[in-house]
There are 2 protein chains.
Amino acid sequence: MGCKIEEFQQEQRKRMRAVQDAMDALNGKWKIPIISSICCYGKRRFSDILNDVDGISNRMLSKELKELEINELVKRTILNTQPISVQYELTEHGNTLQTIIGNLTDWGVEHRKKIVGK
Amino acid sequence: MGCKIEEFQQEQRKRMRAVQDAMDALNGKWKIPIISSICCYGKRRFSDILNDVDGISNRMLSKELKELEINELVKRTILNTQPISVQYELTEHGNTLQTIIGNLTDWGVEHRKKIVGK
DNA sequence: CTGAATCCAGATGGATACTG
DNA sequence: CAGTATCCATCTGGATTCAG
């Protein structure tokens, strides 16, 4: 390649940082399943997501949703119901994850065929 | 959509499991940077990766490489050098991650613009 | 219903030293 | 050079309870 080594390495650092930023926003066991749940139904209440995502505790769901909100991936709306309920939906920025989630799904299917389901 | 609810939910479960399988294979702070390092150079020795990936300890690198090897994402080759050195490269299956890593990189760049670099 | 607070066991991961 | 072993602080996350 014609690139100077230093420039090349600096570019590589940038790429690694970007991927890492993405992974940070999606890290842990629950974020993607939560996003899938919300995305799949458009709008979803706390207790619904709690049911959708197998095995998650309310403590975790609460924490993860807060992180997703900070990263502006989901939008939180308090509904005037009695008792109170809270609705979550993906933001525009959250919706841009759909390609990635699609890719990960496809890759995960192949990976399971090849490795997980040995 | 015309899907019956149960079928729809079962499909959704499958998709969530697949994404989770993918995330499991890539989890933690280090796997993607390690893969990036190897991928970027084609072949890479243990000590090179140790230098490429900022902040990783040899203990972690060793552990992560072992997991990547178990998932058949990297191939390990012992070289007949003195002292011994070990070379890692992506497998064919590991190479199928390039699309995902590319997508994650692009998304990460946008995400940093929007959120991280506030 | 939606969460926050507390408790606590087990996992994670850095630092360091050691081996072939 | 490429790991392995040990120690140990910190983090994670489930269970449970409490509050608005």
Side-chain angles (χ1 to χ4, degrees), chain A residues 16 20 23-38 41-91 94, chain B residues 16 19-20 23-35 37-38 41-91 94:
Chain A
M16 288 186 8
Q20 209 48 51
M23 291 300 280
D24 285 349
L26 304 177
N27 69 16
K29 196 176 169 184
W30 305 115
K31 297 231 175 51
I32 301 256
I34 291 170
I35 291 172
S36 289
S37 164
I38 298 173
Y41 293 99
K43 300 175 177 185
R44 207 71 177 145
R45 287 174 309 151
F46 186 89
S47 51
D48 293 328
I49 305 173
L50 203 55
N51 276 319
D52 292 340
V53 180
D54 220 54
I56 196 170
S57 65
N58 63 346
R59 181 185 183 284
M60 271 302 112
L61 179 54
S62 177
K63 206 191 75 181
E64 300 287 66
L65 282 169
K66 202 179 291 172
E67 290 183 29
L68 291 173
E69 208 191 340
I70 289 172
N71 279 325
E72 294 180 30
L73 299 176
V74 306
K75 177 167 175 290
R76 180 177 182 272
T77 313
I78 301 177
L79 301 179
N80 276 330
T81 54
Q82 194 49 249
I84 219 169
S85 67
V86 181
Q87 186 176 81
Y88 294 89
E89 57 197 306
L90 293 192
T91 63
Chain B
M16 288 185 10
V19 187
Q20 210 48 52
M23 291 299 281
D24 284 350
L26 304 177
N27 68 15
K29 195 176 169 183
W30 306 115
K31 296 230 174 56
I32 301 255
I34 292 170
I35 292 172
S37 164
I38 299 173
Y41 292 99
K43 301 177 177 184
R44 207 70 177 144
R45 286 174 309 150
F46 187 89
S47 52
D48 293 328
I49 305 173
L50 202 56
N51 276 319
D52 292 339
V53 180
D54 219 55
I56 196 169
S57 64
N58 62 347
R59 180 186 184 283
M60 271 301 112
L61 180 54
S62 177
K63 207 192 77 180
E64 300 286 66
L65 281 169
K66 205 178 289 175
E67 289 182 29
L68 291 173
E69 208 190 340
I70 289 173
N71 279 325
E72 293 179 32
L73 299 177
V74 306
K75 178 167 175 290
R76 180 177 182 274
T77 312
I78 301 176
L79 301 179
N80 277 330
T81 54
Q82 194 49 250
I84 219 170
S85 66
V86 180
Q87 187 176 81
Y88 293 89
E89 56 196 306
L90 293 192
T91 62

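Here is how names work: the chains are called A, B, and so on, in the same order as the sequence lines, proteins then strands, and each is numbered from 1.
Rounded to the nearest 0.5 Å, atoms NZ (A:K75) and CD (A:E69) are 10.0 Å apart. Rounding to the nearest 0.5 angstrom, the gap separating the CG atom in A:N27 from the CG atom in B:L26 is 13.0 Å. One finds the CH2 atom of B:W30 at 7.5 Å from the OG atom of B:S57 (value rounded to the nearest 0.5 Å). Here the CZ atom belonging to B:R45 is positioned 11.0 Å from the CG atom belonging to B:D52, to the nearest 0.5 angstrom. Taken from CZ in B:R44 to CD in B:Q87, the straight-line distance is 10.5 Å, to the nearest 0.5 Å. The CG atom of B:L73 sits 8.0 Å away from the CG atom of B:L90 when rounded to the nearest 0.5 Å.
A donor-acceptor pair under 3.5 Å links the side-chain atoms of B:T91 to the main chain of B:E72, judged by distance alone.
Counting heavy atoms from C-beta on, the side chains of A:L65 and A:V86 never come closer than 4.5 Å. Put simply, the side chain of A:I32 reaches to within 4.5 Å of the side chain of A:S36, judged on heavy atoms.
Scanning DNA chain D 5' to 3' for nucleotides with an atom closer than 4.0 angstrom to a non-hydrogen atom of chain A gives a first and last hit of D:dG13 to D:dA15.
For the helix from C:dC1-D:dG20 to C:dG20-D:dC1, the rotation axes defined at the first and last 5 base pairs enclose an angle of 40°, given to the nearest 10°.
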Give the B/S/- string for nucleotides 8-20 of chain C, one per nucleotide from 5' to 3', where a protein heavy atom under 4.0 Å of the base yields B, of only the sugar-phosphate yields S, and otherwise -. -----BBB-----
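Counting to the nearest Å, the P atom of C:dC1 and the CG atom of A:L50 are 9 Å from each other.
Considering B:T77, B:V74, B:L68 as possible partners of B:Y88, the one that fulfils the side chain to side chain contact (heavy atoms under 4.5 Å, CB included) test is B:V74.
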